[in-house]
Protein chains: 2
Amino acid sequence: MPRRRAEAAQQRSGVRPTPGLDELDEQILWELARDADVTNAALAERVHVAPSTAHARVRALREAGVLGPSHADVDYRAVGLPLQAIISVRLRAQARTVIKTFAAKMVGHPNVLDVFFVGGQDDFLVRVVTTSPEQLRDFVAGPLSSDPVVASTHTQIVFDHLRGLDHWADADGFDELRGPLG
Amino acid sequence: MPRRRAEAAQQRSGVRPTPGLDELDEQILWELARDADVTNAALAERVHVAPSTAHARVRALREAGVLGPSHADVDYRAVGLPLQAIISVRLRAQARTVIKTFAAKMVGHPNVLDVFFVGGQDDFLVRVVTTSPEQLRDFVAGPLSSDPVVASTHTQIVFDHLRGLDHWADADGFDELRGPLG
DNA sequence: ACTGAAATTATGCGAGC
DNA sequence: GCTCGCATAATTTCAGT
């Protein structure tokens with residue numbers, strides 16, 4: 001029986017990181033991050049409160065913006081997008097001011113799953129799914145490198161993706177090792 | 001009104017990538033990847049079929065393994081984990097056979113959100129959330145670099161994370177630009 | 001924060017196309 | 001074979017306490 005996820009990640013004694021949230025809120029957040037498909041009744045049982053209480057907490061967390069929308073894992077290979085890649089992008093130093101504008105264009109592209117703004121030599125990482133090596137090349141050569149603000153790119157193929165949260169099934173409930181999803 | 005997401009990402013004419021899935025299945029998959037919180041009734045309306053039909057499709061997609069579990073976006077800053085990073089890890093050439101074992105240990109760590117197996121110079125990327133720079137340093141110096149199979153690591157701080165799917169609200173339904181979640 | 005009632009939704013089955 | 005509509009079961013939701 002693993003200890004509570006939040007506590008384990010925080011590795012602290014009794015200090016509450018955010019005064020607005022208590023232990024029950026954190027439990028609910030981790031539970032929904034792990035599996036957002038649970039019914040409110042099942043969620044309530046997992047965190048040991050009445051369904052109405054769990055429901056009220058979830059609503060409050062959503063309104064506070066702490067809890068966002070949920071996303072289902074999809075096997076992109078099944079929808080004709082078997083090739084996944086992470087592309088590191090570096091902008092020209094003078095172009096750093098337009099980084100947000102440029103990233104917004106990226107997330108609007110249908111093949112883009114994630115954009116991570118990072119610190120260091122690169123400016124952001126773009127995770128994409130494509131139909132083929134050709135489409136990946138066209139993406140990197142087209143929307144990405146053709147823009148004059150881009151200084152350089154570095155493409156890494158993604159062979160597999162594991163989710164840390166999936167292995168944190170506490171109490172009752174088991175999850176087998178994640179397959180090719182995500 | 002944007003054209004269908006799957007079609008846009010695939011950029012094809014009329015070829016179905018997977019014989020098992022039809023257009024309705026793909027629409028449902030994209031819809032749930034974008035927002036898994038929709039009720040079955042609302043999902044049915046979005047894809048223009050009866051609720052029972054949508055329900056049957058979702059069940060079939062889940063049993064086929066094409067549709068996986070859902071995950072709620074959580075603002076990790078609110079739960080005391082404000083520092084996010086992506087760490088590129090390279091293993092010693094001789095240790096490549098144990099890459100899966102090592103990655104499994106990584107995803108079991110409470111601070112790890114994702115592990116991406118990649119091709120190229122690095123072997124995988126690890127996305128983590130931490131309470132502080134000190135905890136991040138301890139993670140990189142401890143579980144990661146202390147293992148003799150690790151040849152080198154490169155840590156990039158994550159300033160922000162945008163999700164491509166959120167901007168693909170078709171038909172009715174709008175999503176404002178994602179904030180700090182994820 | 002809990003209990004109980006009312007409204008909404010999910011689920012399974014048989015009919016029709 | 002796929003979709004639909006209805007009946008039932010389960011869940012959400014909102015009173016009051």
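Quick note on labels: first sequence line is chain A, next is B, and so on, each numbered from 1.
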Measure from the side-chain heavy atoms of [X] and tell me the nearest of [options].
| X | options | result |
| --- | --- | --- |
| A/T53 | C/dA1, D/dC4, C/dT11 | C/dA1 |
| B/N40 | C/dT11, C/dT3, D/dC2 | C/dT11 |
| B/A41 | C/dC2, C/dA10, D/dT3 | C/dA10 |
| B/H55 | C/dA10, C/dT3, D/dC4 | C/dA10 |

Write down the distance between [atom1] ([X]) and [atom2] ([N]), rounded to a whole number of angstrom.
| X | N | atom1 | atom2 | result |
| --- | --- | --- | --- | --- |
| B/D22 | D/dC2 | CG | P | 8 Å |
| B/L21 | D/dC2 | CG | C1' | 15 Å |
| B/E45 | C/dT8 | CD | C1' | 15 Å |
| B/H48 | D/dT3 | NE2 | P | 15 Å |
| B/I28 | D/dC2 | CD1 | C1' | 13 Å |
| A/D37 | C/dA10 | CG | P | 12 Å |
| B/R62 | C/dA10 | CZ | P | 12 Å |

- prompt: Between the main-chain N or O of A/S88 and the side-chain N or O of A/Q156, is there a donor-acceptor pair closer than 3.5 Å?
  reply: no
message: Check whether A/T130 reaches the backbone of A/L83 with its side chain - one donor and one acceptor, N or O, closer than 3.5 Å.
response: yes
Classify the nucleic acid contact of [X] as base, sugar-phosphate or nothing, counting any heavy atom under 4.0 Å across all strands shown.
| X | result |
| --- | --- |
| A/R59 | nothing |
| B/L43 | nothing |
| A/T39 | sugar-phosphate |

- prompt: Under 30°, 30 to 60°, or over 60°: which ring-plane class applies to B/F124 and B/F102, parallel, tilted or perpendicular?
  reply: tilted
message: Which label fits A/H161 and B/F116: parallel for a plane angle under 30°, tilted from 30 to 60°, or perpendicular past 60°?
response: parallel
query: Should we say atom CZ of A/R59 is surrounded by more than 12 heavy atoms from elsewhere, each under 6.0 Å from it?
result: no
- prompt: For C/dC2, does either OP1 or OP2 sit under 4.0 Å from a side-chain N or O belonging to A/S52?
  reply: no
